[in-house]
**Student:** 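Please read through the structure below; I'll follow up with questions.
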Number of protein chains: 2
Amino acid sequence: MKNQTSTPSLSATLADTIRADIVEGRLLVGDRLPSEAELAEQHGVSRATVREALKRLAAQSLIRTERGAFGGAFVNHLSYEEARAQQVTTSTLLLGMNAISFQVACEARYALERSCTSLAAERRTDALLDTMRKEIETQSAPDLSDEAFCASDVAFHRALVDCAGNEVLSYHLAGSVEAMQPLMNMITFTARSRAEIIDLHRAIVSGLERRDVASVDRALATLEAYTITLGQSVLKARATR
Amino acid sequence: MKNQTSTPSLSATLADTIRADIVEGRLLVGDRLPSEAELAEQHGVSRATVREALKRLAAQSLIRTERGAFGGAFVNHLSYEEARAQQVTTSTLLLGMNAISFQVACEARYALERSCTSLAAERRTDALLDTMRKEIETQSAPDLSDEAFCASDVAFHRALVDCAGNEVLSYHLAGSVEAMQPLMNMITFTARSRAEIIDLHRAIVSGLERRDVASVDRALATLEAYTITLGQSVLKARATR
DNA sequence: GACGCCATGAATGTCAGACAATTAAATGTC
DNA sequence: GACATTTAATTGTCTGACATTCATGGCGTC
């Protein structure tokens, strides 16, 4: 009996009702909800309560509100971008709040990422390979900040997962990769380690080019092991400090 | 000029401010936010506006509110369960709203799920194998409804991903598997197809038992192909109707 | 008739003030 | 010390008002 929630608030209940209407298809994308005043009357609550319920739904991108005449609350079309942004927020918080070891997080991330190698090798396009090559160039700049290096790293891996040519897969993988970024940002990348990583990135691109699944997979495995090593040395440095 | 967002509402801005405080670590888990009245004064807005902002954050499970003296809004500890529930809501909506072909969704789901096979074979426990066996028994009941069959299927696959012994991986995979459930529910499972699926489930368990990665992987691949076939025949049946 | 301007009305966004409900802590009582 | 009562702080809800936004339609001018 962890969560009694003795008296769930009216605004929460109303939000749940409307959410169910949307998720279960009784309200379709683009549909306009009744006005706040109408909802208030229909459910026997005040307008303030209705508004709190609507704000809850808006926070989950389930609805969007427009002002002015013929404005109101509309069932939102959830785009991949919005969905991914939400997933990243949630996952980032989850990772940050649960004392998760760097190793476990890394293991999960690379396990997930490797799930796209076979499709990626099969379907990779020249455009995406070019994107990856450009990111490698960016990463090679000697005066690049650690943050910029990480950002380019994320962009590289996003291009990699996009190679699989499956939007749904890209959505899930990009979310999990991005959620790792704050953890990755703890690492200070020396020139030595950057060179190592860039070499592996090159191996990945070259593997995709030759549609050589095994070599891409091997490069990712090596990258995982290397990243974990880096993470552990950071942790050791902190512990002795 | 699709989204000007000319005047973001005060409650949205305030929510963003507090969200940043949480995500960027200025507010830690368990911290208590100032009372609504104090927040209203601090930010020069009314209490109603503050409340709308707080409801937005509560909808994302970033905070939780308690009533009574010494109650208030507290930075929430995001559990795996809450995080997964949110991810499922988002992903389910994304799949439902974007005219995604069953095949693409299925391909993504199984690609992701197969990312845990190697770890699962290595780390599977007897307890989890037992869970999987029990679900297989449930699925074998001849008078089982389609919904119950699907639910047991989800439970089976959740146990499978849990075998990998990595919480983070389980969180991501369970989310993507569950999000597929509404799509799976469209399928009517004949006795013939249930038998086929159960056989493959048995193959998975037996493969894990023997720590035979390749055979688990093969069973999942077959399951993917078979599920896609089933999905397509449903679509054809609908088209000719 | 065509064009631009403005009033109108409907809706959301915000505010102020009040009261109800809840709950932990302080206080009183035995 | 154990138990009942009061108290104060805080969220939850309601009411009524006003501000702001914006599509529509009417009006006047050319």
Side-chain angles (χ1 to χ4, degrees), chain A residues 1-19 21-22 27 30-77, chain B residues 1-19 21-22 27 30-77:
Chain A
M1 221 52 66
K2 174 186 165 191
N3 189 11
Q4 188 158 3
T5 341
S6 42
T7 46
S9 70
L10 291 181
S11 69
T13 321
L14 178 53
D16 289 342
T17 306
I18 302 177
R19 185 181 301 110
D21 285 343
I22 297 175
L27 285 169
D31 279 1
R32 190 192 152 214
L33 277 66
S35 73
E36 295 174 353
E38 284 172 313
L39 283 173
E41 203 184 1
Q42 284 173 23
H43 295 86
V45 297
S46 77
R47 213 189 123 207
T49 303
V50 170
R51 282 183 63 77
E52 287 180 12
L54 293 182
K55 293 313 147 202
R56 294 176 120 106
L57 299 176
Q60 294 184 307
S61 302
L62 291 183
I63 63 170
R64 116 196 77 91
T65 56
E66 289 174 14
R67 300 183 63 175
F70 288 72
F74 297 84
V75 178
N76 193 28
H77 176 94
Chain B
M1 221 55 62
K2 174 185 164 190
N3 187 13
Q4 188 157 2
T5 339
S6 42
T7 47
S9 70
L10 290 181
S11 70
T13 333
L14 179 52
D16 288 343
T17 305
I18 301 177
R19 185 181 301 112
D21 284 344
I22 297 175
L27 287 170
D31 280 1
R32 186 186 160 233
L33 276 65
S35 74
E36 295 174 352
E38 282 172 314
L39 282 173
E41 202 184 1
Q42 283 173 23
H43 294 87
V45 298
S46 77
R47 215 190 121 204
T49 304
V50 170
R51 282 183 62 76
E52 287 180 12
L54 293 182
K55 295 313 149 207
R56 294 177 120 106
L57 299 176
Q60 294 182 307
S61 301
L62 290 184
I63 63 170
R64 118 195 75 91
T65 56
E66 290 174 13
R67 299 182 66 173
F70 289 71
F74 297 84
V75 178
N76 192 29
H77 177 94

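Below, read A as the first sequence line, B as the second, and so on, with proteins coming before strands; counting in each chain starts at 1. Worth knowing before you read on, the calculation uses all heavy atoms, side chains too, and leaves out hydrogens, waters and symmetry mates.
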**Student:** So, does B:Arg51 get its side chain near the phosphate of D:dT11, meaning an N or O under 4.0 Å from OP1 or OP2?
**Tutor:**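 Indeed not, no polar side-chain atom of B:Arg51 lies that close.
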**Student:** What are the two closest heavy atoms between A:Arg56 and A:Ser9, and how far apart are they?
**Tutor:**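 Nearest heavy atoms, A:Arg56 then A:Ser9: NH1-OG, 4.1 Å.
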**Student:** Starting at CG of B:Leu54 and ending at C1' of D:dT13, how long is that distance when rounded to a whole Å?
**Tutor:**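 Those two atoms, CG and C1', are 15 Å apart.
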**Student:** Can you check whether B:Arg47 reaches B:Leu39 side chain to side chain, under 4.5 Å on heavy atoms?
**Tutor:**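 Heavy-atom side-chain distance check fails, nothing below 4.5 Å.
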**Student:** Detail all sub-3.5 Å separations between protein N/O atoms and N/O atoms belonging to nucleotides 4-9 of chain D.
**Tutor:**
unit_1	atom_1	unit_2	atom_2	d
D:dA9	N3	B:Ala69	N	3.3

**Student:** Do any N or O atoms from the side chain of A:Arg51 and from the backbone of B:Thr49 form a donor-acceptor pair under 3.5 angstrom?
**Tutor:**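 No, because the side chain of A:Arg51 does not come within donor-acceptor range (under 3.5 Å) of the backbone of B:Thr49.
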**Student:** Select one nucleotide: of C:dT14, C:dG13, D:dT13, the one nearest the side-chain heavy atoms of A:Glu36.
**Tutor:**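 In terms of side-chain proximity for A:Glu36, the closest of C:dT14, C:dG13, D:dT13 is C:dG13.
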**Student:** Counting only distance, no hydrogens or angles, is the base of D:dT20 paired donor-acceptor with the side chain of A:Arg67 under 3.5 Å?
**Tutor:**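 When only heavy-atom distances are counted, A:Arg67 does reach the base of D:dT20 through a donor-acceptor pair under 3.5 Å.
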**Student:** I'd like to check B:His77 versus B:Arg64 (side-chain heavy atoms, cut-off strictly below 4.5 Å). Are they in contact?
**Tutor:**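 No - every pair of side-chain heavy atoms lies 4.5 Å or more apart.
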**Student:** Using heavy atoms to find the nearest nucleotide of DNA chain D for B:Glu38 and A:Leu10 separately, return the residue whose nucleotide is more 5′.
**Tutor:**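 Nearest nucleotide further toward 5': that of B:Glu38.
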**Student:** OP1 or OP2 of C:dT12 sitting under 4.0 Å from any side-chain N/O of B:Ser9?
**Tutor:**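 It does not, given that no N or O in the side chain of B:Ser9 lies less than 4.0 Å from OP1 or OP2 of C:dT12.
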**Student:** For B:Glu52 and D:dC14, what is the distance between atoms CD and C1' respectively, to the nearest whole Å?
**Tutor:**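 After rounding, the reported distance stands at 14 Å.
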**Student:** In whole Å, I'd like the distance from the CD atom of A:Glu66 to the P atom of D:dT24.
**Tutor:**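 Atom-to-atom, A:Glu66 to D:dT24, this comes out as 12 Å.
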**Student:** Between atom CD in B:Glu41 and atom P in C:dA16, what is the gap in whole Å?
**Tutor:**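 From B:Glu41 CD to C:dA16 P: 11 Å.
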**Student:** Side-chain contact, heavy-atom cut-off 4.5 Å: A:Ile22 with A:Ile63?
**Tutor:**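 Answer yes - side chains close enough.
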**Student:** Using whole Å, report how far CG of B:Leu14 lies from C1' of C:dG13.
**Tutor:**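 That distance rounds to 14 Å.
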**Student:** I want to check one thing: is the phosphate of D:dG12, taken as OP1 and OP2, less than 4.0 Å away from some side-chain N or O of B:Thr65?
**Tutor:**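 B:Thr65 to D:dG12 OP1/OP2: side-chain N or O found under 4.0 Å.
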**Student:** May I ask you to evaluate whether A:Arg47 reaches the phosphate of D:dC14, defined as a side-chain N or O under 4.0 Å from OP1 or OP2?
**Tutor:**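 No, no such contact exists.
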**Student:** Would you kindly give the CZ-to-P distance between A:Phe74 and D:dC22, to the nearest whole Å?
**Tutor:**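 Atom CZ in A:Phe74 sits about 13 Å away from atom P in D:dC22.
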**Student:** Is it the case that over 12 heavy atoms from other parts of the model lie below 6.0 angstrom from the CD atom of A:Glu41?
**Tutor:**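 At most 12 heavy atoms, drawn from other residues, nucleotides or ligands, come within 6.0 Å of this atom.
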**Student:** What integer distance in Å separates B:Leu57:CG from D:dT11:P?
**Tutor:**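 Atom CG in B:Leu57 sits about 14 Å away from atom P in D:dT11.
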**Student:** Does any part of the side chain of A:Leu14, heavy atoms only, come nearer than 4.5 Å to the side chain of A:Val50, both counted from C-beta?
**Tutor:**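 Yes - at least one pair of side-chain heavy atoms lies under 4.5 Å apart.
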**Student:** Take atom CG of A:Leu33 and atom C1' of C:dA10, then tell me their distance rounded to the nearest Å.
**Tutor:**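 In whole Å, C:dA10 C1' lies 16 Å from A:Leu33 CG.
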